[in-house]
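This report concerns only the one structure given below.
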Number of protein chains: 2
Amino acid sequence: MTVTYRDVKADILAKITQGIWPPGELVPNETELAENYGCARATVNRAMRELAEAGLIERRRKAGTRVRIAPIRQAKFNIPIVRREVESRGETYRYALVSRSVGPPPDWLAARMDLASAGKVLRLICMHYANGAPYQHEDRWINLDALPQAETADFTQTGPNEWLVSAIPFSDAEISFSATLADDTLAGFLGGNAGDPVFTIERSTWWEGASITYTRLSFTPGHRMTTRY
Amino acid sequence: MTVTYRDVKADILAKITQGIWPPGELVPNETELAENYGCARATVNRAMRELAEAGLIERRRKAGTRVRIAPIRQAKFNIPIVRREVESRGETYRYALVSRSVGPPPDWLAARMDLASAGKVLRLICMHYANGAPYQHEDRWINLDALPQAETADFTQTGPNEWLVSAIPFSDAEISFSATLADDTLAGFLGGNAGDPVFTIERSTWWEGASITYTRLSFTPGHRMTTRY
DNA sequence: CAGTGGTCTAGACCACTGA
DNA sequence: CAGTGGTCTAGACCACTGT
């Protein structure tokens, strides 16, 4: 019966939650714990490393490992493609391209995406439906200087989101959540009224230092984004 | 010059982002990669494990490792204590207890927290200020059956959030974000007007299967929650 | 300077699962 | 059944950082 890193992790976690090792407490070093548990130091190391990632303990060379005074709680959200999000709930997904235009970026966008004001951007407005009802409004801007092939792509059948993930497998992104008010136009698309509260996601994406796309997603009133942690 | 797991990870990541290993591609197995990179299998294993956690590849015994068709993107948010959040921006934090009451839970809360309707809950309404201006409104409910010592705790100087993290070092939680409208009361507290869009966080917390607390946090208009991923 | 965590290695056994 | 990832071990060297 060998001791696994999960065993060690669970035991240390228990010691913390039960207050045996209170916040701020210095935890025994890896060598000592390995002896106590009767396992290799690498096993203890993995357990402790994961607890540190989870924000429960704090590790510093020479100073040793301590139980965090205020554990860092972190919530993880999966950022799915809209279609998958809808379909995973067993609903039917429908997509529609509302408008498409090409031109120079407005000033606020040039500032936000760090674009030359002489550049060209593609702007797409799209709607995503779940079971026939409005679900999400998408206002998307794509930097054509960085991604010229977007100009000839067909966005009438598939959303830009899906096209982008296949064009750029991986990227850096900044995402932000906020609450805004629906104006008449947005309310029209989302099937509500002007003045409705709208849950809004904004996302900027970079790849190899170049700004690729900025998008603003607006959800129907009452939308919630939920996770456990 | 030994090869580190970071080197391996970076190289594999590069192969994916540059399309050398396109989505769906079967990646060589660990033994083979270890030979190619001239390092131990454990080193390759750690690199691949982290890439799998990041949602870029998918690993299955016997089936091998594949590049994910649609990478799972996940955003992490730190959920800080309000005071720390404010202070970390270099602003002065102030706390005020608005009201405190004890009684049976309303039906919606009993349902949400899975409480006996005969139970007792403590309700606190608090305000958090940054540099003297309203920052966050907190509507907090605590299950006194699970946490009787909350009834005698002093919440006039310190917020329930800080008291709770010391009383319960670790817990399961569900958090959800949404957009709501300020009513007259809330607008009064937050220094805005009725009808303002309000970014709202709701959080339920459990410990050892028992529901501990439910809270609803409302932020001043214009508040954003941002992260990189 | 010395103690602690960070990482690598070479080898081993095992658990899972696709064919 | 056999191939792949999952994990453990014992030992080693190193990087960082309090004292």
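The chains referred to below are lettered A, B, ... by the order of the sequence lines, with proteins before strands, and numbering in each begins at 1. Given the structure is predicted, the values throughout are model-derived calculations rather than measurements.
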Do other residues, nucleotides or ligands put more than 12 heavy atoms under 6.0 Å from Arg84(A) CZ? no
Calculate the interatomic distance between Glu58(B) atom CD and dT4(D) atom C1'; express it in whole Å. 15 Å
Can you check the Leu26(B) CG to dA19(C) P distance for me, whole Å? 11 Å
What I want to check is whether an N or O donor and acceptor connect the side chain of Arg41(B) with the base of dG6(D) at under 3.5 Å. yes
Given Watson-Crick and G-U pairs under 3.5 Å, DNA chain D in dot-bracket ([ ] crossing, | other strand) is ||||||||||||||||||.
Whole-Å distance between dT17(D) P and Arg66(A) CZ? 16 Å
Count the heavy atoms belonging to other residues, nucleotides or ligands that lie under 6.0 Å from CZ of Arg6(A), then report whether that count exceeds 12. no
Quick note, Thr65(A) side chain, CB onward, closest among dT9(D), dG6(D), dG5(C) is dG5(C)
Check the orientation of Tyr135(B) and His223(B). Use parallel for under 30°, tilted for 30 to 60°, and perpendicular for over 60°. perpendicular
Answer yes or no: does a side-chain N or O of Arg6(A) lie under 4.0 Å from OP1 or OP2 of dT7(D)? yes
Closest to the side chain of Thr43(B), out of dG18(C), dG6(D), dT9(C), is dT9(C)
In whole angstrom, what separates Asp7(B)'s CG from dT7(C)'s C1'? 12 Å
What is the ring orientation for Phe199(B) with Phe177(B), classed by angle as parallel under 30°, tilted 30 to 60°, or perpendicular over 60°? tilted
Can you list every pair that meets side-chain hydrogen bond (donor to acceptor under 3.5 Å, both in side chains) and has a residue in residues 123-134 of chain B, with sequence neighbours left out? Thr92(B)-Asn131(B), Tyr93(B)-His128(B), Arg123(B)-Asp139(B), His128(B)-Glu138(B)
Is the phosphate of dG6(D), meaning OP1 or OP2, less than 4.0 Å from a side-chain N or O of Asn45(B)? yes
Distance in angstrom units between Tyr5(A) OH and dG5(C) C1', rounded: 19 Å
Find which nucleotide of DNA chain D each of Val27(B) and Arg60(A) is nearest to by heavy atoms, and output the residue with the more 5' nucleotide. Val27(B)
With the side chain defined as heavy atoms from C-beta on, Arg61(A) is closest, among dA10(D), dC8(C), dG3(C), to dG3(C)
If you look at every heavy atom in Cys39(A) and Val3(A), which pair is closest and at what distance? CB-CB, 4.1 Å
Rounded to whole Å, the CD-C1' distance (Glu30(B) to dC13(C)) equals 15 Å
Just compare dG6(C), dG18(D), dT7(D) and give me whichever is closest to any side-chain atom of Arg59(A). dG6(C)
Across the strands shown, which category fits Thr4(A) at heavy-atom distances under 4.0 angstrom: base, sugar-phosphate, nothing? sugar-phosphate
Proximal nucleotide (of dG5(D), dA2(C), dT9(C)) relative to the Lys62(A) side chain: dA2(C)
Please state how far atom CD in Glu50(A) lies from atom P in dG5(C), giving the value in whole angstrom units. 17 Å
Aromatic rings Phe77(A) and Phe77(B): how do their planes relate, parallel, tilted or perpendicular, breaks at 30° and 60°? perpendicular
Shortest non-hydrogen contact from Pro160(A) to Cys126(A)? CD-SG, 3.7 Å
Could you state the CD1-P distance from Ile12(B) to dG5(D), rounded to the nearest angstrom? 11 Å
